Protein chains: 2
Amino acid sequence: MSSETRERILNSATELYLRDGFDGFSMRALARAVGVTAPALYRHFASKEKLLHEIVGEAYRRLSAELYKALSERTPHDRFRGAIRGYAKFALANPKLYDVLFLPPSMMGDGVLPEEIEGHACAVEQFFDDRVRECVASGVLRDELVTSSLWAHTHGLVSLYMRGHLEEKGIDSEEKFRDLLERSTTRVLEGLGGPAMRAVTGDDDSDAAA
Amino acid sequence: MSSETRERILNSATELYLRDGFDGFSMRALARAVGVTAPALYRHFASKEKLLHEIVGEAYRRLSAELYKALSERTPHDRFRGAIRGYAKFALANPKLYDVLFLPPSMMGDGVLPEEIEGHACAVEQFFDDRVRECVASGVLRDELVTSSLWAHTHGLVSLYMRGHLEEKGIDSEEKFRDLLERSTTRVLEGLGGPAMRAVTGDDDSDAAA
DNA sequence: GTCTATAATCCGATAGAC
DNA sequence: GTCTATCGGATTATAGAC
């Protein structure tokens with residue numbers, strides 16, 4: 001039963017953290033939300049900072065679980081597209097936890113993040129690197145450099161959607177967003193440029209000829 | 001003289017905001033920086049919240065100023081690339097101000113954002129729409145739908161860089177980031193796919209043939 | 001318009017009873 | 001494991017003298 005209370009604290013803490021930020025987050029308000037008194041929280045977490053670090057760890061754990069599902073796909077391209085879908089699925093299913101992964105550093109406290117969390121972050125990046133690398137090997141992607149471009153495109157779309165910046169363009173439901181993500185990813189892979197694009201970028205960027 | 005003092009407060013406030021972020025910002029620290037005492041600030045701003053709203057307005061003003069510089073370029077494509085550069089330039093020069101433009105509204109204080117700020121946000125989106133539209137008209141971009149893809153790609157890259165997620169890939173300076181942004185944008189316009197891409201996306205996505 | 005002084009509130013964390 | 005009580009400190013904001 002002890003871990004059940006811990007879980008309840010952690011859930012409320014995640015919500016409060018994303019609403020109030022690191023400094024705005026208060027152990028007292030958390031205690032009120034959970035329905036206990038403040039000192040009781042210190043039976044489960046050594047300090048405010050430690051508690052918040054656990055939230056970040058949980059976020060990475062859930063994201064990783066979703067990503068690794070893509071490994072059951074059969075081709076590099078399917079695993080790569082599956083990874084993007086899993087990434088977005090995690091973000092839409094856990095919007096607050098997703099926000100945690102990209103919160104401004106100023107809201108993550110003064111101290112440095114524990115090594116365990118840094119490890120989780122590296123693992124996610126490595127996962128995407130691996131997906132891209134095997135796509136390059138099979139000729140589906142141009143080169144390893146596209147990892148940044150694709151991650152940026154995916155994270156950017158998710159981020160804009162979750163903050164309502166795509167509503168003016170008619171993207172007002174998860175279904176429409178998933179459709180946009182699929183079509184936008186395909187377009188990015190094929191090129192956003194129109195018929196006149198080659199003339200514009202072909203002669204002043206050596207990367208185009210490589 | 002009265003508005004001059006106000007300006008001095010606002011400048012220091014912006015600076016402190018850039019250093020400490022939304023939560024770390026304190027009226028007392030601001031008073032110390034300006035060289036007056038805290039109560040004096042309340043002669044010029046009704047509350048901390050009102051003062052911070054003015055800072056958000058300042059953020060949009062700086063972003064817009066950077067964006068509009070791109071209008072002096074001579075072709076739609078140059079104006080569009082210039083807009084992306086200006087967007088990133090603002091973000092790198094004012095990282096904390098950039099963050100606030102994408103923070104959930106719940107973290108911007110209790111009340112609703114002033115209408116003036118909402119107007120600024122819409123103006124920025126309209127600006128990007130216009131840049132894409134004239135690129136479509138001149139055949140440099142495929143269609144208006146790429147606005148989301150390009151904004152997402154740019155915002156995503158900036159966001160990943162500012163949170164240190166690109167350091168493992170050797171992007172550890174603003175100069176390297178600007179170079180990555182240029183190359184990644186060009187690649188996205190031309191397509192990230194390799195020689196085998198058409199076979200993968202050509203038959204199960206009708207958008208490819210359009 | 002700025003100051004000193006202060007009210008009122010909130011915070012993280014701990015001690016010790018139960 | 002949770003409680004009451006409390007320390008030491010921070011904050012926003014106000015009152016009233018000058």
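As the structure is a computational prediction, the values presented were derived from the model and not from experiment. Letters A, B, ... are given to chains in the order of the sequence lines, protein chains preceding strands, and every chain is numbered from 1.
- At whole-Å resolution of the value, CG in B:Leu41 and P in D:dT14 are 13 Å apart.
- Using a 4.0 Å heavy-atom criterion, one finds that A:Phe45 contacts no nucleic acid atom at all.
- If you measure from atom CG of A:Leu52 to atom P of C:dA13, you get 10 Å, rounded to the nearest angstrom.
- Each of B:Met27 and B:Arg43 lies near DNA chain D, and the nucleotide nearest B:Met27 is the one positioned closer to the 5' end.
- Comparing B:Ala40 and A:Phe25 by the nucleotide of DNA chain C whose heavy atom lies nearest to each, the residue mapping closer to the 5' end is B:Ala40.
- When rounded to the nearest whole Å, the span between CZ of B:Arg32 and C1' of D:dA10 equals 11 Å.
- A cation-pi arrangement, defined by a distance under 6.0 Å to the six-membered ring centre and an angle within 45 degrees of its axis, is present between A:Lys48 and A:Phe22.
- Between A:Ala38 and A:Arg28, the residue anchored nearer the 5' end of DNA chain D, judged by the nucleotide with its closest heavy atom, is A:Ala38.
- For B:Leu30 and D:dA13, the CG to C1' distance is 14 Å, given to the nearest whole Å.
- A salt bridge is defined here as a Lys NZ or Arg NE, NH1 or NH2 lying under 4.0 Å from an Asp or Glu carboxylate O, and B:Arg85 with B:Glu66 fails to meet this definition.
- The interatomic distance linking A:Tyr42 (OH) with C:dG16 (C1') rounds to 17 Å, in whole Å.
- Of the candidates D:dT14, D:dA13, C:dG12, the closest approach to any side-chain atom of B:Pro39 belongs to D:dT14.
- Between B:Thr37 and C:dT2 there is no side-chain N or O to OP1 or OP2 distance below 4.0 Å.
- At least one side-chain heavy atom of A:Leu189 sits under 4.5 Å from a side-chain heavy atom of A:Arg81.
- Below 30°, between 30° and 60°, or above 60°: for A:Trp151 and A:Tyr87 the angle between ring planes is above 60°, a perpendicular geometry.
- Remark: A:Arg131 qualifies as a cation-pi partner of A:Phe127 under the 6.0 Å distance and 45° angle criteria applied to the six-membered ring.
- The distance from atom CG of A:Asp23 to atom C1' of D:dG9 is 15 Å, rounded to the nearest whole Å.
- Taking every side-chain heavy atom of B:Ser26 into account, D:dT11 is the closest of D:dT11, D:dT6, C:dA15.
- As rounded to whole Å, 11 Å separates atom P of D:dG1 from atom CD of A:Glu4.
- Atoms NE2 (A:His44) and P (D:dG1) sit 6 Å apart, rounded to a whole Å.
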